[in-house]
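Because only heavy atoms are used, hydrogens play no part in the values below, and waters and symmetry mates are left out as well, while side chains stay in. Letters A, B, ... mirror the listed sequences (proteins, then strands); counts begin at 1. Since the model is a prediction, treat every value here as computed from it, not as a measurement.
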Amino acid sequence: MDYNKLGELLFPNISKEPDEYETMYPDRKLKEGAKVTRLGPSPTGFIHLGNLYGAFVDERLAHQSDGKFYLRIEDTDDKRYVDGAVETIINSLKFFGINFDEGATMTGDVGDYGDYTQSNRGEIYQCFAKKLIKEGKAYPCFLTEDEIGQIRAKQESNKENPGIYGAYAESRKLSLEEIEEKIKAGVSYVIRLKSDGTDGDTARKIHVKDAIRGILEMPENFQDTVILKATGIPTYHFAHVVDDHLMRTTHVVRGAEWLPSLPIHVELFEKLGWETPIYCHTAQLMKLDAEGNKRKLSKREDPELSLDYYRNQGYHPEAVREYLLTILNSNFEEWRMENPEASIDEFEFTTEKMSNSGALFDLNKLNDISKDVLLRISATDLYEFLKAWATEFRPEIIHIFDDEDYMEKILDLGRGEAKPRKDLIFAEQIIEFISYFFDDMFKIEDEFPDEVSKADGSQILEKYLESYNHSDDQSQWFDKIREIATTLGYAAKPKDFKKNPDQYKGHVGHVSTVVRIALMGRSQSPDVWEIQQILGEDRTKSRIQKLI
RNA sequence: GGCUCCAUGGUCAAGCGGUCAAGACACCGCCCUUUCACGGCGGUAACCCGAGUUCGAUUCUCGGUGGAGUCACCA
């Protein structure tokens with residue numbers, strides 16, 4: 001068979017030589033050890049936590065080594081394109097602090113290794129497919145869907161591996177004349193890799209270095225995988241190999257679901273005479289499935305796996321980043337404890353410290369981390385963050401941001417001290433937590449404690465209002481509470497009440513709870529005196545007045 | 001079903017032949033305290049099973065079991 005002739009027959013319009021592309025995309029002149037990574041989403045615009053997880057690895061690897069991180073749009077499957085997807089992808093990741101150095105952008109490509117959209121790279125893939133044809137390493141396959149179905153059925157009944165390979169690769173046997181004839185007749189065909197592997201030959205293993213998992217040992221590929229579809233568009237396998245080589249990617253970060261097709265990629269790299277990049281197969285993010293506290297389960301579209309969920313709930317991007325890093329690198333938490341104030345960027349992220357078993361998403365942990373993260377954010381920044389969130393997701397409450405000064409005092413409540421409060425977790429929760437500061441959201445939610453009768457309750461509030469002086473300091477204020485408590489038969493100290501429960505109706509805590517409920521509507525809140533100072537004299541008095 | 005990956009408390013995880021098997025989250029108790037939080041102290045709780053290698057296996061090898069992934073002209 002004259003493979004050269006076959007190549008010209010199949011790709012008459014491809015005139016460029018592979019070498020031209022090699023010189024067009026020279027080795028990147030980066031410093032020693034610099035890593036080049038990429039994110040290759042399909043343009044559905046749907047980004048989930050798993051994508052962010054992977055993107056974070058790419059980003060850290062590249063930026064920690066003074067390398068490059070680029071965005072490549074993998075749109076070889078025309079059915080999945082969604083309008084505005086690129087914009088959504090870039091913005092979603094940007095929100096979480098992940099930025100690209102080059103690649104596809106909203107306004108066009110940036111960088112010297114483009115085009116960064118696979119659908120625009122048709123000629124490049126065809127050029128290298130032609131090269132493989134000419135070297136007898138690939139061939140046109142004319143099998144129809146029906147024929148492939150029949151082959152599969154036969155394989156299934158014989159309990160053989162399904163697929164086109166070995167003797168089942170019928171189109172391998174075609175002569176040049178037969179191929180020419182079919183093409184003239186307009187018969188549709190794909191280009192398949194002519195694999196050197198043999199089914200069942202378990203002795204032949206490939207060894208691939210994976211930065212997360214160490215040396216992987218797998219059986220070699222034996223499938224004549226499709227590399228170019230009938231449309232001339234490449235499959236993922238071929239596009240991955242060609243692109244990551246020409247774009248000089250050094251580290252390929254992708255999910256573990258790609259592990260089974262790794263032998264295909266290895267054979268393709270080998271046949272094209274290229275070096276494989278370093279693979280980093282990340283663990284899958286897991287989730288407990290519905291209802292039952294069942295087993296691990298991975299899903300594409302669980303609500304809390306969608307990034308929108310975190311934005312809706314109003315988690316601060318920094319909290320999500322920090323959480324991701326704690327599940328990404330097992331030594332991060334320890335580092336954070338030693339460096340509570342340091343920027344995340346100072347942490348040395350390594351693939352070796354990555355877990356290779358799937359992590360179950362833990363909302364408790366996220367919340368815990370978020371509390372600490374928010375503590376590091378100033379009230380002013382928090383104000384801006386919440387306001388931006390409310391503008392997008394809760395426009396009906398935007399008026400609470402009108403008085404910035406008031407809001408910032410609220411947000412700073414109890415945060416300045418050595419043992420700061422950690423009440424704030426995410427926007428939705430924060431709004432609920434501080435709602436009593438706003439008259440239109442204020443409501444009485446809790447009951448007076450059992451120790452306080454209704455009559456006593458009114459008396460407490462009456463006396464409280466009578467003696468109220470807004471300029472009292474905290475201890476003067478509390479002395480007055482104590483006085484009210486004792487005159488009404490409540491212990492001034494909880495310990496006294498505990499010792500002699502029969503001598504008192506209750507203790508000062510019960511009395512202050514009454515005040516607390518009148519002011520905040522709830523029996524639990526930060527310090528009453530401090531809250532009063534923020535509420536102001538008028539609002540404080542009027543709330544007490546209302547319950548008398 | 002074939003192939004692949006994975007396997008330490010409820011969750012995330014240290015460990016890389018000899019440890020009373022870290023730590024964090026969650027949970028429980030106590031302390032602090034006018035409530036709640038915060039903080040402090042303490043507690044419950046784990047090496048999937050079976051062989052083999054070894055003086056000795058959570059750690060190495062094999063087998064099983066379990067979970068996950070993948071077997072497309074989708075990525």
Side-chain angles (χ1 to χ4, degrees), chain A residues 40-42 44 74-80 118 141 143 145 148 152 156 159-163 188-192 199-200 202 210 213 216-219 223 225-237 239-240 254-263 281 283-284 286 288 293-298 323 326-327 330-331 333-334 336-337 353 355-369 371 375 414-415 417-423 446 449 478 481-482 485 490 492-495 507-513 515-517 520 522-529:
Chain A
S42 62
T44 58
E74 310 212 334
D75 57 347
T76 54
D77 181 14
D78 42 335
K79 289 158 241 163
R80 294 168 65 154
Q118 288 183 334
C141 171
L143 256 23
E145 221 174 294
I148 291 175
R152 170 176 296 267
E156 271 170 22
K159 293 192 173 162
E160 291 175 307
N161 284 314
S188 169
Y189 66 93
V190 299
I191 304 294
R192 285 182 188 274
D199 177 27
T202 49
D210 186 290
R213 293 159 193 268
L216 297 168
E217 187 189 76
M218 302 182 141
Q223 295 272 356
T225 311
V226 173
I227 58 174
L228 281 190
K229 305 176 199 176
T231 51
I233 293 170
T235 56
Y236 167 86
H237 307 298
H240 149 56
R254 42 145 73 153
E257 71 269 23
W258 289 108
L259 239 21
S261 50
L262 187 54
H281 288 97
Q284 306 263 267
M286 306 290 197
L288 287 176
N293 30 9
K294 297 240 174 85
R295 300 297 136 188
K296 290 169 184 176
L297 194 148
S298 93
Y323 172 69
T326 68
I327 54 176
S330 53
N331 53 332
E333 266 191 287
E334 198 181 324
R336 175 50 87 199
M337 280 189 260
K353 284 287 181 185
S355 167
N356 45 14
S357 62
L360 202 54
F361 187 77
D362 188 349
L363 207 58
N364 275 328
K365 191 82 178 180
L366 204 212
N367 287 341
D368 182 65
I369 287 170
K371 288 179 191 173
L375 219 48
R415 298 209 314 161
E417 290 104 78
K419 285 195 246 168
R421 299 187 61 92
K422 296 182 181 176
D423 297 314
D446 292 338
F478 192 60
I481 300 265
R482 280 219 163 98
Y490 293 82
K493 292 180 178 172
K495 275 183 180 165
H507 61 76
V508 66
H510 299 123
V511 174
S512 67
T513 298
V515 174
R516 183 171 256 120
I517 286 170
M520 276 69 88
R522 2 182 135 156
S523 57
Q524 302 170 1
S525 80
D527 187 75
V528 176
W529 181 82

Undergrad: Provide the Watson-Crick or G-U wobble partner of B:A75, both distances under 3.5 Å; none if there is no partner.
TA: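 Answer to the pairing question: none, since B:A75 forms no Watson-Crick or G-U pair.
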Undergrad: Compare side-chain N and O positions of A:Ser42 against OP1 and OP2 of B:C74 and report whether any pair is under 4.0 Å apart.
TA: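 No, no such contact exists.
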Undergrad: Mind checking if A:Pro494 touches a base, just sugar-phosphate, or nothing, with heavy atoms under 4.0 Å?
TA: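 Contact class for A:Pro494: sugar-phosphate only.
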Undergrad: Counting any heavy atom closer than 4.0 Å, what does A:Val190 reach on the DNA or RNA strands: base, sugar-phosphate only, or nothing?
TA: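 It contacts base atoms.
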Undergrad: Has the side chain of A:Arg522 got a donor or acceptor that lies under 3.5 Å from a partner of the other kind on the base of B:C36?
TA: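 In this structure, the two groups form no donor-acceptor pair.
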Undergrad: Within the structure, does a side-chain N or O atom of A:Arg192 lie under 4.0 Å from either OP1 or OP2 of B:C73?
TA: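 For A:Arg192, the contact criterion (side-chain N or O under 4.0 Å from OP1 or OP2 of B:C73) is met.
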Undergrad: Looking only at the side chain of A:Glu333 (C-beta and beyond, no hydrogens), which of the listed nucleotides B:A37, B:U34, B:A24 gets closest?
TA: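 For A:Glu333, the side-chain atoms sit closest to B:A24.
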Undergrad: Would you please say whether a donor-acceptor pair under 3.5 Å links the side chains of A:His281 and A:Arg213?
TA: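 No.
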Undergrad: Does B:U33 have its OP1 or OP2 closer than 4.0 Å to a side-chain nitrogen or oxygen of A:Lys493?
TA: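 Indeed not, no polar side-chain atom of A:Lys493 lies that close.
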Undergrad: If the C1' atom of B:G39 is compared with that of B:C32, how far apart are they to the nearest Å?
TA: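 It works out to 8 Å between them.
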Undergrad: For B:A37, give the paired nucleotide (Watson-Crick: N1-N3 plus N6-O4 or O6-N4; G-U: N1-O2 and O6-N3; both under 3.5 Å), or none.
TA: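 Looking at the geometry, B:A37 pairs with no nucleotide.
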Undergrad: Which nucleotide sits closest to the side chain of A:Val508: B:U34, B:G69, B:G23?
TA: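 Of the candidates, B:U34 comes closest.
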Undergrad: Looking at A:Glu333 and A:Lys365, does any basic side-chain N land under 4.0 Å from a carboxylate oxygen?
TA: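 Looking at A:Lys365 together with A:Glu333, the answer is yes, because their closest N to O distance falls below 4.0 Å.
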Undergrad: Pick the nucleotide of RNA chain B nearest each of A:Gly509 and A:Glu217; which residue has the one closer to the 5' end?
TA: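 The answer here is A:Glu217.
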Undergrad: Under a 3.5 Å cut-off for both distances, is B:U19 Watson-Crick or wobble paired, and to whom?
TA: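 Its partner is none (no Watson-Crick or G-U wobble pair with both distances under 3.5 Å).
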Undergrad: Taking any strand in view, what nucleotide pairs with B:A68 in a Watson-Crick or G-U wobble way, both distances under 3.5 Å?
TA: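 Pairing partner: B:U4.
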Undergrad: Examine B:G15: is either OP1 or OP2 under 4.0 Å from a nitrogen or oxygen in the side chain of A:Lys353? Give yes or no.
TA: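 A:Lys353 to B:G15 OP1/OP2: side-chain N or O found under 4.0 Å.
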Undergrad: Does the ring of A:Tyr236 lie flat against the base of B:C74, closer than 5.5 Å centre to centre with planes under 30°?
TA: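 By the stated criterion, A:Tyr236 and B:C74 do not stack.
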Undergrad: Can you find a side chain N or O atom of A:Lys371 that sits less than 4.0 Å from OP1 or OP2 on B:G39?
TA: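 For B:G39, OP1/OP2 do not have a side-chain N/O of A:Lys371 under 4.0 Å.
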Undergrad: Please tell me which of the listed nucleotides, B:A13, B:G69, B:U11, lies nearest to the side chain of A:Pro260?
TA: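 Given the options B:A13, B:G69, B:U11, the side chain of A:Pro260 is closest to B:G69.
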Undergrad: Angle between ring planes, A:Tyr236 versus A:His240, binned at 30° and 60°: parallel, tilted or perpendicular?
TA: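 Because their plane-to-plane angle is under 30°, the rings of A:Tyr236 and A:His240 count as parallel.
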Undergrad: Write down the distance separating the C1' atoms in B:U44 and B:A26, rounded off to the nearest Å.
TA: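 Their C1' atoms lie roughly 12 Å apart.
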Undergrad: Looking only at side-chain N and O atoms, does A:Ser330 come under 4.0 Å of OP1 or OP2 in B:A14?
TA: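 Indeed, a polar side-chain atom of A:Ser330 lies that close.
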Undergrad: NA contact type, A:Thr326, heavy-atom cut-off 4.0 Å: base, sugar-phosphate, or nothing?
TA: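 If one applies the 4.0 Å heavy-atom cut-off, A:Thr326 turns out to touch nothing in the nucleic acid.
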Undergrad: Can you tell me which nucleotide in B:A75, B:C25, B:C73 comes closest to the side chain of A:Ala230?
TA: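 Selected nucleotide: B:C73.
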Undergrad: Does the plane of the ring in A:Trp258 sit parallel, tilted or perpendicular to the ring in A:His237? Use 30° and 60° as the thresholds.
TA: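 Judged by the thresholds at 30° and 60°, the geometry between A:Trp258 and A:His237 is perpendicular.
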Undergrad: Do A:Pro526 and A:Asp423 come close enough that some side-chain heavy atom pair is under 4.5 Å?
TA: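 Yes, close enough: below the 4.5 Å cut-off.
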Undergrad: I'd like the P distance from B:G2 over to B:U19, given in whole Å.
TA: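 That atom pair is separated by 39 Å.
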Undergrad: Report yes if some heavy atom in the side chain of A:Pro162 is under 4.5 Å from a heavy atom in the side chain of A:Glu156; otherwise report no.
TA: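 Heavy-atom side-chain distance check fails, nothing below 4.5 Å.
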Undergrad: Let's see if you can work this out: which of B:A24, B:A75, B:C5 has an atom nearest to the side-chain heavy atoms of A:Arg213?
TA: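 Of the candidates, B:C5 comes closest.
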Undergrad: Does the pair A:Thr235 and A:Leu228 meet the rule for a side-chain contact (heavy atoms from CB on, under 4.5 Å), with working shown?
TA: CA-CA 6 Å; A:Thr235 56; A:Leu228 281 190; over 6 Å; no
Undergrad: Counting Watson-Crick and G-U wobble pairs only, both distances under 3.5 Å, name the nucleotide matched with B:C27, or none.
TA: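 Across any shown strand, B:C27 pairs with B:G43.
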Undergrad: Can you tell me the base-pairing partner of B:U61? Count Watson-Crick or G-U wobble geometry only, both distances below 3.5 Å, and say none if there is no partner.
TA: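 Pairing partner, where one exists within any strand: B:A51.
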Undergrad: To the nearest 0.5 Å, how far apart are CG in A:Leu143 and OG in A:Ser188?
TA: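 Rounded to the nearest 0.5 Å, the CG-OG separation comes to 11.0 Å.
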Undergrad: Among B:G69, B:U11, B:A37, which nucleotide has an atom closest to any side-chain atom of A:Glu257?
TA: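 The answer is B:G69.
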Undergrad: Between B:G29 and B:A68, how far is it from one C1' atom to the other, in whole Å?
TA: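 To the nearest whole Å, 38 Å.
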Undergrad: Rounding to an integer number of Å, can you tell me how far A:His281 NE2 sits from B:A75 C1'?
TA: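 After rounding, the reported distance stands at 13 Å.
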Undergrad: Just to be sure I understand the rule, does A:Gln118 reach a base, reach only the sugar-phosphate, or reach nothing, if contact means heavy atoms closer than 4.0 Å?
TA: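 Result for A:Gln118 = nothing.
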Undergrad: Of the options B:U70, B:C74, B:A26, whose atoms approach the side-chain atoms of A:Asn364 most closely?
TA: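 Closest nucleotide among those given: B:A26.
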Undergrad: Looking at every strand, decide which applies to A:Lys422 at a 4.0 Å heavy-atom threshold: base, sugar-phosphate, or nothing.
TA: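 It contacts sugar-phosphate atoms only.
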Undergrad: Expressed as a whole number of Å, how far does the P atom of B:G10 sit from that of B:A46?
TA: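 The answer is 7 Å between these two P atoms.
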Undergrad: When we call it a touch if two heavy atoms are under 4.0 Å apart, what does A:Asn331 touch: a base, just sugar-phosphate, or nothing?
TA: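 Nothing: the residue A:Asn331, judged by heavy atoms under 4.0 Å, touches no strand.
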Undergrad: Identify which nucleotide among B:U34, B:C73, B:C3 has an atom closest to any side-chain atom of A:Pro219, counting heavy atoms from C-beta outward.
TA: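 Given the options B:U34, B:C73, B:C3, the side chain of A:Pro219 is closest to B:C3.
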Undergrad: Roughly how many Å apart are B:U65 and B:C55, using the C1' atom of each and rounding to a whole number?
TA: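 It works out to 31 Å between them.
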Undergrad: Scan A:Arg415 against the nucleic acid and name what it touches under 4.0 Å (heavy atoms): base, sugar-phosphate only, or nothing.
TA: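 The answer is nothing, as A:Arg415 stays clear of every strand by at least 4.0 Å.
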Undergrad: Please tell me if A:Lys229 has a side-chain N or O lying less than 4.0 Å from either OP1 or OP2 of B:A75.
TA: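 So the side chain of A:Lys229 is within the cut-off, an N or O lying under 4.0 Å from OP1 or OP2 of B:A75.
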Undergrad: Taking only the side-chain heavy atoms of A:Asn161 (C-beta and beyond), determine which of B:C36, B:G2, B:C25 contains the nearest atom.
TA: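 Minimum distance to the A:Asn161 side chain belongs to B:G2.
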Undergrad: Using atom C1' in both nucleotides, what's the gap between B:G63 and B:A72 to the nearest angstrom?
TA: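 To the nearest whole Å, 34 Å.
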Undergrad: With C1' as the reference atom in both, quote the distance from B:U59 to B:C73 in angstrom, rounded to an integer.
TA: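 Those two atoms are separated by 46 Å.
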